[in-house]
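Everything on this sheet refers to the single structure shown next.
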Amino acid sequence: MDKQPNLYERFLKDIHPELINQFNRFIKETDIYKQFIKFAHPEFDKDFKKYTEKMPAYNSYRVARFYVDNPKFPKLYYYLDVGVEELLGKYILLNKEGKPFNNDLYDNIGILSYAAGWKKIPYFGIYVKKGDSYAFLKKSEDNEELLDYLEQGTVLSEFLDYGLPHYKFEEGSRDDRIYQMFAGMEMQWLKDETIILDKNTKLVPDFEPDPYHTTCYRLGVKTGKDDWDATNVFYVGKLPNYYDNKTDRLLSSFLKEWNKADNKQKEKLRKGLGYNIGFR
């Protein structure tokens, strides 16, 4: 059976052929998301423009917008503009005027965000990574407190090897420095530093501050479509003195063993899994 003609299409082609091009352009604009944002919710327009704002590009770097990825905060309210060096892919700290903070290039830039239950304003920390060393932005030379606003960091701390330096929680607080993650705290980096060993095995960095200035990686093994189990911790730097568990050792020694292992030996290296830490 022949397809019934579309009377609207026939009408346009026969009576108003000058509108065909306009009609075709209209068809291309029927993106349901665009229609929803632009027409059903025009109040989104201001935020949409901020989200899609074209960032400037300079001779040696372009500017990228780094959003704070903490579910407790509205994403569009908290963000940091950083420079990305095009040739090397290194990162550049920018001040609140959008100019380079200094002339250094960094391997990574991270944001620590903390939602305090007893205080409406969130706290932030900004870390930079260069090789195996880390530093953080302070309010001033003698003030190492967490920041009330991302742009408050004006002084870079000294670099410490193998682990994150620690912000003070607040002036006069009982605990001088943060040694463990508070509830509501998120640590994120501009790029994923996960080490992929194979499709079912990976090493995930844990950037939780600790008093021994170490960075550790958790061994993860895929157990389902989106589920990973993890246990053994491998350290970059000196092993913490308080660890005597034989499963905790240097990352470099584990990687050497993994790279030499056959499939049967790799299966043994995956053993000892005890709990799910929920990363993907």
### Summary
d(Y91 OH, K191 NZ) to nearest 0.5 Å is 5.5 Å

### Query
Distance-only, no hydrogens or angles: does the E53 side chain make a donor-acceptor pair with backbone N or O of K49 under 3.5 Å?
no

### Message
Looking at S113, is its backbone amide N or carbonyl O close enough to the side chain of E186 to form a donor-acceptor pair, meaning the two atoms are under 3.5 Å apart?
### Response
no

### Message
Is any side-chain heavy atom of L203 closer than 4.5 Å to one of L251?
### Response
yes

### Task
Starting at CH2 of W189, measure out to NZ of K129 and round the result to the nearest 0.5 Å.
7.5 Å

### Task
Starting at NZ of K96, measure out to CD of E151 and round the result to the nearest 0.5 Å.
7.0 Å

### Message
Please check this pair: side chain of K75 against backbone of Y77, looking for a donor-acceptor N/O pair closer than 3.5 Å.
### Response
no

### Task
Compare every heavy atom of K13 with every heavy atom of P17, then report the nearest pair and how far apart it is.
CB-O, 3.7 Å

#### Entry: Check: E141 and V155 side chains under 4.5 Å, non-hydrogen atoms
yes

### Query
Short question: side chain of T201, backbone of L197 - any donor-acceptor pair under 3.5 Å?
no

### Query
Tell me the side-chain hydrogen bond (donor to acceptor under 3.5 Å, both in side chains) pairs involving residues 250-263, sequence neighbours left out?
R249-E257

### Task
Determine whether K199 and K222 make a side-chain contact, defined as any pair of heavy atoms from C-beta on separated by less than 4.5 Å.
no

### Query
Under 4.5 Å between any side-chain heavy atoms of I111 and N70, yes or no?
no

### Task
Determine, for D198 against K266, whether the closest basic-nitrogen to carboxylate-oxygen distance falls under 4.0 angstrom.
no

### Query
Is the shortest heavy-atom distance from the side chain of L150 to the side chain of V68 under 4.5 Å?
yes

### Task
Would you check, one step at a time, whether the test side-chain contact (heavy atoms from CB on, under 4.5 Å) holds for V128 with D104?
CA-CA 10 Å; V128 295; D104 287 344; over 6 Å; no

### Query
Does L112 reach the side chain of L146, with side-chain heavy atoms less than 4.5 Å apart?
yes

### Message
Parallel, tilted or perpendicular: which one describes the rings of Y123 and Y114, with boundaries at 30° and 60°?
### Response
parallel

#### Entry: Sequence-distant partners of F254, ring-ring contact (aromatic ring centres under 6.0 Å, His included), two or more places apart
F234

### Message
I want to check a possible cation-pi pair here: K130 against F159, using under 6.0 Å from ring centre and within 45° of the ring axis as the test.
### Response
yes

### Query
So, the side chain of Y127 versus the backbone of P165: is there a donor-acceptor pair under 3.5 Å, distance only?
yes

### Message
Determine whether a donor-acceptor pair (N or O, by modelled atom type, separation under 3.5 Å) exists between the side chain of E85 and the backbone of L87.
### Response
yes

### Query
Taking the hydrophobic residues Ile, Leu, Val, Met, Phe, Trp and Tyr, and joining any pair whose side-chain heavy atoms are under 4.5 Å apart, which ones share a cluster with V63?
M55, Y58, Y61, L88, I92, L94, L105

### Message
Under a 3.5 Å distance rule, please check whether T194 uses its side chain to pair with a backbone N or O of V204 as donor and acceptor.
### Response
no

### Task
Give a yes or no on whether Y51 atom OH has more than 12 heavy-atom contacts from other residues, nucleotides or ligands under 6.0 Å away.
no

### Query
Where the side chain of N95 meets the backbone of F101, is there a donor-acceptor pair that is under 3.5 Å apart?
no

### Message
Quick check on the 6.0 Å ring-centre criterion: do Y149 and F124 meet it?
### Response
no

### Message
Using modelled atom types and a 3.5 Å cut-off, is there a donor and acceptor pairing between side-chain atoms of E193 and backbone atoms of N108?
### Response
no

### Query
Which value, rounded to the nearest 0.5 Å, describes the distance between Y167 atom OH and K139 atom NZ?
10.0 Å

### Query
Going from CD1 on I126 to CZ on F66, what distance comes out if it is rounded to the nearest 0.5 angstrom?
9.5 Å

#### Entry: Interatomic spacing from NZ in K90 to OG in S60 - rounded to 0.5 Å
14.5 Å

### Query
With a 4.5 Å limit on heavy-atom distance, are the side chains of K138 and L147 in contact?
no

